[in-house]
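In what follows, a structure is listed as structure tokens, so that the remarks can point back to it.
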Amino acid sequence: MLAALAASGAALGNVSKVDVALATPLRASMRATDRAGTATPASSARAPRPPGYAAMRDANVYHGAATMDRENRGLDGLLPSRAVNDEVELARARAALGQCESAFASYKQLVSLQTTDKRTFYQLLRADTADVLPYVYTPTVGEACLRFGTLVQRPHGLWVSLNDAGSVRRLVRNWPERDVKIAVITDGERILGLGDQGANGMGISAGKSMVYAACGVPPSALLPIQLDVGTNNETLLDDPLYIGLKQKRERSEAYDALLDELIVEIRDYFGPNTIIHFEDFAPRNAFRLLQKYYSAPDVVTYNDDIQGTAAVTVSGLLASVRALKGTNNDLTRQRVLFFGAGQANIGAAELFVKALVNRGVDEAEAKRRVWLFDSKGLVVRSRASELSDAKLPFAQDAPKETDLASAIEHIKPTALVGASAVPGAFTQKVVRAMSRSNDQPIIFALSNPTSKAECSAEDAYRWSDGRAIFASGTRSAPVEYSPTKTFAPGFANNAFIFPPIAIATILTGAKQVTPDMFLTAAEALADSVGDDLFRVGAVYPPVERVASSAVAVAAAVASSVDDSSTDTLDRWRELVRAYIIDNDLFDSASRL
Ligand code: NAI
């Protein structure tokens, strides 16, 4: 045998080993298969695929081993023969999620489920909201945006780049759904506290859309959009896996023209009442665009980073004030120091002033209760020439101050709200300063993800001797402060605000989403926090309640929109529930 092989090798002369291998019958048949894979014969390319092929790839149809109507869809033989029900598929999805070894792996698992089997995905999102949201939304979505270029899943959402100027109409009309009610648009310039992530910002638009869905907005009504206008993030520009345009951010009028074109086409195709939700724009554009489109006739729009955050922050302040013991438990007695003077805190400062004015405080006096602190220190009049239009109304008549603890000693605020993305800014000295002038200092460290938080819950309780009323921007684990006291602090998240605002807007047909609507949402959310939560130090409902809270908050907002309506709050609750049930295409509400 060995001799025969040697002889045949000798007879082949200088033919390569590879050619010898391919000359064997087995290799020859593999070669034919390879060829078939790369160059399909013309006759078979024209033959239509059986319908089961498309059905398997349609996330609205494919439902794992629970896929229905197999015979009609040509699916017999393409799935394991034993059909199961929704419960089994849900259990399978939970098991798959349980096998993920990191938060990012869980994110990938969930996004993959969303793009292959929507029914199971949305059922899981509704049934296990508190477990699923931290992966598809904050905090994991931040990591997902950082690593977006390594995702191999089918991308979700609509991608509109500078190169599409003039043809956005065609792109919008490629979207497979016609009943879109909310377009979540980002340009990726200020993703959470992570800065410019360019086209990777799609993770945020998609994540926010999932929060809407978790609260009962039908998934087909949601359109996540990434506006790709370049990035100034050098790491991304150097990354061969970066998915966006490899150019610096567009700062000329071409930027505005592209956004205008997009908004016109969205309204033209999906209807003029389509909500334009602006998400994670940098301050330079966020305030400007909100003002521009808010005052445009009939454009239904809001900026979640400004207005949604404002409402959730003011809600936390309202609830905290109710939790205060003694005579200080009145919003009009509060003095708030906002650390970070960007979209989040300026929006919150404006809404806080509105809340005071609604309670009878003169506007000028209300503004004196608000102090802003930005990267250059206290926002004071002597800095007027360098202050933006948004900060200027809050500039106080006071000396310059660049040290936060000293500013606290001087101002003696009752509440300190951090939205600066400066990790650890609330040092022991800062928390101690707050605790010296307040029996129960209100301290919110709202920046997220967790790596950007101004302080941890544990530090806030420890440094205030357990007296702080604390809330964070990302869910904190319970803190065992003493053998007899465990805190389970609240989690300030816009997820409690933007879904009910949208539902109320859709149901009432409101033509503008007004500051009053956001204030009503804040008040309704605060009202839903009861003594059970105060006892453990929480000023927000737990995230498990995000969907039920959305019903109550949406009803309150809707009833405030139309004064002439005779519908009571209870009636609005029924209408909100009916909207959710009637649009529940994936039978997910029944999982609550
Ligand atoms: P932004 O970029 O508009 O504002 C950041 C502000 O922080 C700027 O005014 C900047 O001057 C200030 N700042 C930077 N360095 C500073 C320093 N050393 N000292 C004092 N101030 C400093 O950002 P935005 O939208 O206001 O968000 C800020 C943070 O809040 C982010 O981490 C964001 O993720 C978080 N956030 C949390 C929300 C929640 O629901 N928990 C909602 C919205 C934002």
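First listed ligand is number 1; within each ligand, the first listed atom is number 1. For the single chain, residues carry numbers from 1 onward in sequence order.
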Could you tell me, for ligand 1, which of its N or O atoms are under 3.5 Å from any protein N or O, listing the pairs and their distances rounded to 0.1 Å?
unit_1, atom_1, unit_2, atom_2, d
ligand 1, 3 (O), Gln343, N, 3.0
ligand 1, 9 (O), Ala341, N, 3.0
ligand 1, 9 (O), Ala341, O, 3.2
ligand 1, 9 (O), Gly342, N, 3.1
ligand 1, 11 (O), Ser375, N, 3.4
ligand 1, 21 (N), Ser375, N, 3.3
ligand 1, 23 (O), Arg190, NE, 3.4
ligand 1, 25 (O), Arg190, NE, 3.1
ligand 1, 25 (O), Arg190, NH2, 2.5
ligand 1, 26 (O), Gln343, N, 3.2
ligand 1, 26 (O), Ala344, N, 2.9
ligand 1, 32 (O), Asn448, N, 3.3
ligand 1, 32 (O), Asn448, O, 3.0
ligand 1, 34 (O), Gly193, N, 3.4
ligand 1, 34 (O), Asn448, O, 3.2
ligand 1, 34 (O), Asn448, OD1, 2.6
ligand 1, 40 (O), Ala492, O, 3.2
ligand 1, 40 (O), Asn494, OD1, 2.7
ligand 1, 41 (N), Leu446, O, 3.2
ligand 1, 41 (N), Ala492, O, 3.0

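Lys108 meets the salt bridge (Lys or Arg N to Asp or Glu O under 4.0 Å) test with no other residue; sequence neighbours excluded.
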* Asked: How far apart are the C-alpha atoms of Tyr481 and Glu458, what are their side-chain angles, what is the distance that settles it, and do they pass the side-chain hydrogen bond (donor to acceptor under 3.5 Å, both in side chains) test?
  -> CA-CA 8 Å; Tyr481 175 71; Glu458 197 172 352; over 6 Å; no
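With contacts defined as side-chain heavy-atom distances shorter than 4.5 Å, the pair Gln343/Thr309 does not qualify.
The environment of CD in Glu386 is crowded: more than 12 heavy-atom neighbours from other residues, nucleotides or ligands sit within 6.0 Å.
Side-chain N/O atoms of Asp187 and Tyr255 include a donor and acceptor closer than 3.5 Å. A side-chain N or O of Asp196 and one of Thr231 form a donor-acceptor pair less than 3.5 Å apart.
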